[in-house]
Amino acid sequence: YSNARAKRDANPHAAAMKHLHNILVKRVLLLGAAAWSRLSGGRHAGSAARGSDGRRLTRGPSGVYVLDLACGRANDLNHWRQMGATRVVGIDSCQAVVAEARERVSQRPTHSHKRPRVEECADVRIECGDAANERVLDAIDPPRFDVVSCNMAIQYFFDSEARAMALLGVARKRLARRGGAFVGVFPNGDAVMDTLRRNRGLLEMPALKLERRTDNNMNAYVFEIADTVVDGGSDNLEYAVSPEQLTRMARAQGLRPIQDRVLWRDLEAVTTSDWLSPGIKGIVPPRNHYEETAVKLGYERASRLYAIFAF
């Protein structure tokens, strides 16, 4: 993990992609909060952004309880803090990642060059454990959340149908009985596997590496991009999740697709106009977001391989 992180930090070209991903993730989180507010009759929907830089997204929902499955290094947890959520709980299976996440959450960020942020949530808890194991969450209070998120990570749980269904079951069981939304960003398995077929199992660009791997699940691959921490080892194998498959399995667990275009409006500029599957849209990077050099390096191509889900 430490070597993979050092490799990412040393890459001088990651900033543009990280910036776009932060904008996307913040808008996805606000989509979840807005859906909770509308479905539950809540009064604290938050204020979504209109600007392309995503800065206004710091004005977020108050009174929201959030669970982040496979929370990683706490990027999304800090987004929720800055948006004013009341309680935020993250869970990840990697001890080193959890240790770093706890350290990052404990350090209040400074943004002297920006306007003051809303008061940050002080109630953040990070647990080490398998997000697909319901018992790991038994001791966590509250037992249910207004928003459950899983960003850039749901594909790791699709090494078997049973494990994927277990994760979706955790999301459903932990959502508030009235309202609630399960949201996230994930690699579109259809686009990933099509890219691999067209490139004979290996696509290498300066900022992007996509490689087919042999595993019990024939749709295993490694997806390395410059703004992520991936070492390419067996623990970082990802599994193709098609939009249709995700919608079907989510429905089987009682999660209904969110297709209200009012709720999706702040993502219109960065998503496909058509649904890839009910509750899922593909990502389309804004024009001129990447300079010509970044396009050649592979950032734009990598971004187009992702999709957004909301249930």
Apply side-chain hydrogen bond (donor to acceptor under 3.5 Å, both in side chains) to the pair E238 and Y156, showing each step before the final yes or no. CA-CA 5 Å; E238 303 181 32; Y156 293 107; 3.2 Å; yes
What are the two closest heavy atoms between A85 and V66, and how far apart are they? CB-CG2, 4.2 Å
Rounded to the nearest 0.5 Å, the CE atom of M152 sits from the CD1 atom of I225 at a distance of 6.5 Å
What distance separates R212 CZ from R200 CZ, expressed to the nearest 0.5 Å? 15.0 Å
Classify the ring geometry between W264 and W275 as parallel (under 30°), tilted (30 to 60°) or perpendicular (over 60°). perpendicular
Can you list every pair that meets ring-ring contact (aromatic ring centres under 6.0 Å, His included) and has a residue in residues 188-216, with sequence neighbours left out? none
At their closest point, which heavy atom of E268 faces which heavy atom of R261, and how far apart are they? OE2-O, 4.4 Å
Nearest atoms (heavy-atom pairs only) where L263 meets L31: O-CD1, 3.0 Å
Can you list every side chain to side chain donor-acceptor pair (under 3.5 Å) pair that touches residues 182-199, not counting sequence neighbours? D194-R198
Count the heavy atoms belonging to other residues, nucleotides or ligands that lie under 6.0 Å from OH of Y221, then report whether that count exceeds 12. yes
pair V241-F157: side-chain heavy atoms closer than 4.5 Å: no
Step-by-step side chain to side chain contact (heavy atoms under 4.5 Å, CB included) determination, R174 to I140: CA-CA 10 Å; R174 292 296 168 174; I140 291 178; 5.6 Å; no
Just verifying a value: how many Å separate I280 CD1 and I258 CD1, rounded to the nearest 0.5 Å? 12.0 Å
Out of curiosity, I91 CD1 to D130 CG, how far, rounded to the nearest 0.5 Å? 7.0 Å
Could you tell me whether the side chain of L168 reaches within less than 4.5 Å of the side chain of F182, counting heavy atoms only? yes
Compare every heavy atom of D146 with every heavy atom of A176, then report the nearest pair and how far apart it is. CB-OD1, 4.1 Å
Is there a side-chain contact between F311 and T247 in this structure, where contact means two heavy atoms from C-beta onward sitting under 4.5 Å apart? yes
What closest approach, in Å, do G298 and M205 show between heavy atoms, and which atom pair accounts for it? CA-CE, 3.5 Å
Heavy-atom side-chain contact between L267 and I308 under 4.5 Å: yes
Less than 4.5 Å apart, any side-chain heavy atom of V222 and any of L237? yes
Between Q253 and K173, is the side chain to side chain contact (heavy atoms under 4.5 Å, CB included) condition met? List the steps. CA-CA 9 Å; Q253 286 288 31; K173 291 175 183 177; over 6 Å; no
Please confirm whether Y306 and F223 have ring centers closer than 6.0 angstrom. yes
Is there a side-chain contact between D123 and T86 in this structure, where contact means two heavy atoms from C-beta onward sitting under 4.5 Å apart? no
Tightest non-hydrogen contact, residues I154 and L167, listed as CG1-CD2, 3.6 Å
Would you say the side-chain atoms of R304 pair up with the backbone N or O of A191, donor to acceptor, closer than 3.5 Å? no
Check whether any side-chain heavy atom of Q155 lies under 4.5 Å from a side-chain heavy atom of V192, and answer yes or no. no
Are V170 and V136 linked, directly or through intermediate hydrophobic residues, by side-chain heavy-atom contacts shorter than 4.5 Å (ILVMFWY only)? yes
For the pair L210 and L196, evaluate side chain to side chain contact (heavy atoms under 4.5 Å, CB included) and give the outcome as yes or no after the intermediate values. CA-CA 7 Å; L210 190 61; L196 287 171; 3.7 Å; yes
Answer yes or no: is there a side-chain heavy-atom contact under 4.5 Å between F158 and N219? no
Atom CD of E161 with >12 non-hydrogen neighbours under 6.0 angstrom: no
Determine whether a donor-acceptor pair (N or O, by modelled atom type, separation under 3.5 Å) exists between the side chain of E244 and the backbone of S277. no
Let me know which of N75, D68, D76 forms a side chain to side chain donor-acceptor pair (under 3.5 Å) with N151. D76
Do L208 and M193 share a hydrophobic cluster, counting only Ile, Leu, Val, Met, Phe, Trp and Tyr and linking them when any side-chain heavy atoms are less than 4.5 Å apart? yes
State whether the side chain of R144 and the backbone N or O of L175 hold a donor-acceptor pair below 3.5 Å, judged by distance alone. yes
Interatomic distance, E127 atom CD to R102 atom CZ [nearest 0.5 angstrom]: 6.0 Å
Kindly compute the distance separating CG (L77) from CZ (R125), expressed to the nearest 0.5 Å. 13.0 Å
State whether the side chain of R163 and the backbone N or O of A132 hold a donor-acceptor pair below 3.5 Å, judged by distance alone. no
For N78 and V105, run side chain to side chain contact (heavy atoms under 4.5 Å, CB included): C-alpha distance rounded to whole Å, both residues' side-chain angles, the deciding distance at 0.1 Å, then the answer. CA-CA 7 Å; N78 277 325; V105 165; 4.2 Å; yes
